[in-house]
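What you see is a predicted model; the values in this text were computed from it and never measured. All chains are named by letter (A, B, ...) in the order of the sequence lines, taking the proteins before the strands, and each is independently numbered beginning at 1.
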Number of protein chains: 2
Amino acid sequence: MSTASKQIIKNLSVDCVVFGFEKNSLEVLLIKRKGNPEKGSWALPGGFVLKTEALDEAAVRILEETSNVKNIYLEQVHTFSDINRFPLRRVISVAYFALINPEKHFLKPGIDTTDAKWFEVNGDIAFPFDHESIFAKALNQLRQRVRNKPIGFELLPERFSLTQLQNLYECILGESLDKRNFRKRILGLKMLIPLNDFEKDVAHRAARLYKFDFKTYQVLKNKGFNFQL
Amino acid sequence: MSTASKQIIKNLSVDCVVFGFEKNSLEVLLIKRKGNPEKGSWALPGGFVLKTEALDEAAVRILEETSNVKNIYLEQVHTFSDINRFPLRRVISVAYFALINPEKHFLKPGIDTTDAKWFEVNGDIAFPFDHESIFAKALNQLRQRVRNKPIGFELLPERFSLTQLQNLYECILGESLDKRNFRKRILGLKMLIPLNDFEKDVAHRAARLYKFDFKTYQVLKNKGFNFQL
DNA sequence: TCAAAAGTGTTTGCAATACACCCATGC
DNA sequence: GCATGGGTGTATTGCAAACACTTTTGA
């Protein structure tokens with residue numbers, strides 16, 4: 001079933017900046033466009049809003065349709081409205097940003113896409129349309145977010161080491177952090193539960209694994225915190 | 001000239017939450033609606049976007065048209081898209097928030113409005129449509145803003161006392177602050193220039209007046225700061 | 001002389017920073 | 001036994017918080 005038959009709003013789209021963390025690298029999900037304009041180029045997953053849905057719903061649907069990504073945290077970022085941002089006609093686009101753990105999502109191309117793939121955030125990405133600005137704004141928002149809300153639950157495997165968490169923070173912020181201070185502050189938040197499990201098959205002392213205390217995590221997410229990492 | 005003749009986008013509007021500070025009270029600008037729906041009720045100034053303008057431009061134009069407010073700081077807040085937020089048809093609305101000094105703006109009703117007036121933010125306001133949510137989101141954003149960016153330049157007269165500035169902060173945050181600590185921190189930012197002028201005709205010791213060092217103010221606005229007021 | 005707000009410093013505690021060595025493991 | 005990353009504690013510093021009295025002015 002094509003989106004067209006579902007009554008789209010022709011001048012309103014949603015674009016999603018989906019961040020994932022894998023192999024110590026922060027990545028962004030792009031899809032290869034099946035149709036014109038910009039056919040064949042790698043773009044942010046996006047699509048038109050239906051007459052029957054709110055923007056949040058559209059974002060969820062579009063991510064599922066274009067790349068098979070489901071059940072994730074989404075947050076509205078900004079609305080882009082340059083007159084010529086889309087070449088065929090005037091379309092304004094609402095940007096969303098999302099965090100997921102790539103390992104939990106098997107990408108597959110969907111409607112309007114021939115492929116879906118992760119790209120390194122720090123690599124050189126040639127975005128079509130105004131997706132460069134959209135991406136930049138979303139990345140910026142992610143960097144703000146990490147300093148006053150807990151983050152990681154959405155991006156890491158269920159059990160992880162403190163070093164993994166620190167790597168995640170370092171990737172997002174683009175700076176390196178002091179190990180001892182990082183641990184002190186993170187553990188001080190009491191949002192991690194230490195497990196009696198350790199890394200396996202590593203050529204060095206095995207790191208203890210932790211999981212998120214989901215309840216505390218949610219509380220912190222609501223009330224936020226305020227420290228320098 | 002009516003907006004209709006300028007080719008509006010019928011499903012896309014902008015609503016503005018304009019904050020002003022006067023007589024130690026934080027206020028929001030509302031306009032009285034001339035037409036249906038919600039004729040006669042006090043609403044956020046808003047209007048439809050033209051096919052020929054970006055959202056930021058629309059916000060500027062709409063504020064000027066509805067209430068004669070010009071030349072102000074505007075910032076996009078959020079896009080509201082509930083299917084039934086507007087009763088006549090599906091309209092999504094992009095909210096902006098703005099800060100102005102009421103004394104510098106002579107309100108007068110414009111297109112689609114029969115009146116324009118300031119309302120106390122802390123009073124009971126009966127908003128039409130989903131303007132309650134829009135207002136709440138904007139106020140929330142203002143409260144965030146005040147903690148990590150300088151604010152006040154847009155809301156205060158050119159020359160003002162430290163007490164006025166403190167009152168402004170207290171109004172926005174809805175809590176009272178310690179005078180000595182407030183002064184230490186504000187002066188520490190080096191964004192104020194002390195003048196050799198003082199309050200006049202007050203029945204107590206006259207307060208020194210300050211003005212903003214616009215350059216430092218702008219620098220701080222870009223790089224932000226991070227302290228608890 | 002009283003009322004009302006302006007103006008001013010110090011102490012205390014906490015949280016951020018900087019920093020270096022021993023531990024466990026696989027090869 | 002060596003290379004690799006895991007794990008740990010302390011001293012210092014700077015900033016936030018709490019707090020009360022004197023000064024100026026007009027009525």
Side-chain angles (χ1 to χ4, degrees), chain A residues 23-25 146-150 152 156-157 159-171 173 175-211 220 223-229, chain B residues 23-25 146-150 152 156-157 159-171 173 175-211 220 223-229:
Chain A
K23 304 177 213 112
N24 281 352
S25 153
V146 86
R147 289 191 182 278
N148 52 239
K149 297 267 172 70
L156 290 173
R159 293 136 33 95
F160 54 88
S161 67
L162 288 180
T163 302
Q164 276 178 285
L165 186 61
Q166 181 172 347
N167 283 335
L168 170 61
Y169 273 78
E170 289 178 337
C171 276
L173 294 172
E175 60 187 271
S176 58
L177 306 169
D178 181 271
K179 186 164 54 159
R180 279 173 290 190
N181 294 336
F182 179 81
R183 284 165 185 239
K184 243 181 297 176
R185 277 175 298 211
I186 290 294
L187 293 176
L189 293 174
K190 304 238 169 82
M191 70 175 186
L192 297 186
I193 300 174
L195 303 172
N196 283 322
D197 290 312
F198 295 81
E199 284 180 313
K200 296 236 155 48
D201 302 317
V202 285
H204 53 79
R205 178 169 172 182
R208 178 182 289 277
L209 300 180
Y210 292 79
K211 65 176 182 179
L220 278 175
K223 91 176 155 91
F225 46 69
N226 192 16
F227 60 45
Q228 279 50 265
L229 274 158
Chain B
K23 305 178 213 110
N24 280 352
S25 153
V146 86
R147 289 189 183 278
N148 52 240
K149 297 266 172 72
L156 290 174
R159 292 135 34 92
F160 55 88
S161 67
L162 288 179
T163 303
Q164 277 178 283
L165 186 62
Q166 183 173 347
N167 283 334
L168 169 61
Y169 273 79
E170 289 178 338
C171 276
L173 294 172
E175 59 187 89
S176 58
L177 306 169
D178 181 89
K179 186 163 53 159
R180 280 174 288 191
N181 293 336
F182 179 80
R183 285 164 184 239
K184 243 180 298 177
R185 274 173 300 208
I186 290 293
L187 294 176
L189 294 173
K190 304 234 170 86
M191 69 175 186
L192 297 186
I193 301 174
L195 302 172
N196 283 324
D197 291 313
F198 295 83
E199 283 181 314
K200 296 236 154 46
D201 303 319
V202 285
H204 54 80
R205 177 170 175 180
R208 178 183 290 276
L209 301 178
Y210 293 78
K211 64 176 183 178
L220 278 174
K223 90 176 155 94
F225 46 70
N226 193 16
F227 61 44
Q228 277 52 262
L229 274 157

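Separation of atoms CD (B/E170) and CG (B/L165) is listed at 10.0 Å; rounding is to 0.5 Å.
One interatomic measurement links the two molecules: CZ of A/F225 to P of C/dA16, which rounds to 11 Å at whole-angstrom precision. Between the CG atom of B/D178 and the C1' atom of C/dT8 there is a distance of 12 Å, given to the nearest Å. Residue A/D201 contributes atom CG, which lies 13 Å from atom C1' of C/dC27 at whole-angstrom precision. Computed from coordinates, the A/F182 CZ to C/dA15 C1' distance equals 17 Å when rounded to whole Å. Rounded to an integer number of Å, the gap from A/K200 NZ to C/dA24 P is 18 Å. Nucleotide C/dA5 holds its P atom 13 Å from the CD atom of B/Q166, rounded to whole Å. To the nearest angstrom, C1' of D/dT13 lies 13 Å from CG of A/N181.
Between the side chain of B/K184 and the base of C/dT10, a donor-acceptor pair under 3.5 Å is found.
The salt bridge (charged side-chain N to carboxylate O under 4.0 Å, His left out) test applied to B/R205 returns no partner, not counting sequence neighbours. With sequence neighbours left out, the salt bridge (charged side-chain N to carboxylate O under 4.0 Å, His left out) criterion links A/R147 to A/E175.
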Would you mind building the protein contact string for nucleotides 2-8 of chain D? One character per nucleotide, 5' to 3', B for base within reach (heavy atoms under 4.0 Å), S for sugar-phosphate only, - for untouched. -BBBBBB

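Within 6.0 Å of NZ in A/K149 there are more than 12 heavy atoms belonging to other residues, nucleotides or ligands.
Shown here for A/L162 and A/F182, the closest heavy-atom pair between the two residues is O-CE2, 3.9 Å.
Checked options B/R159, B/R208, B/K211; the residue passing with B/D197 is B/R159 (criterion: side-chain hydrogen bond (donor to acceptor under 3.5 Å, both in side chains)).
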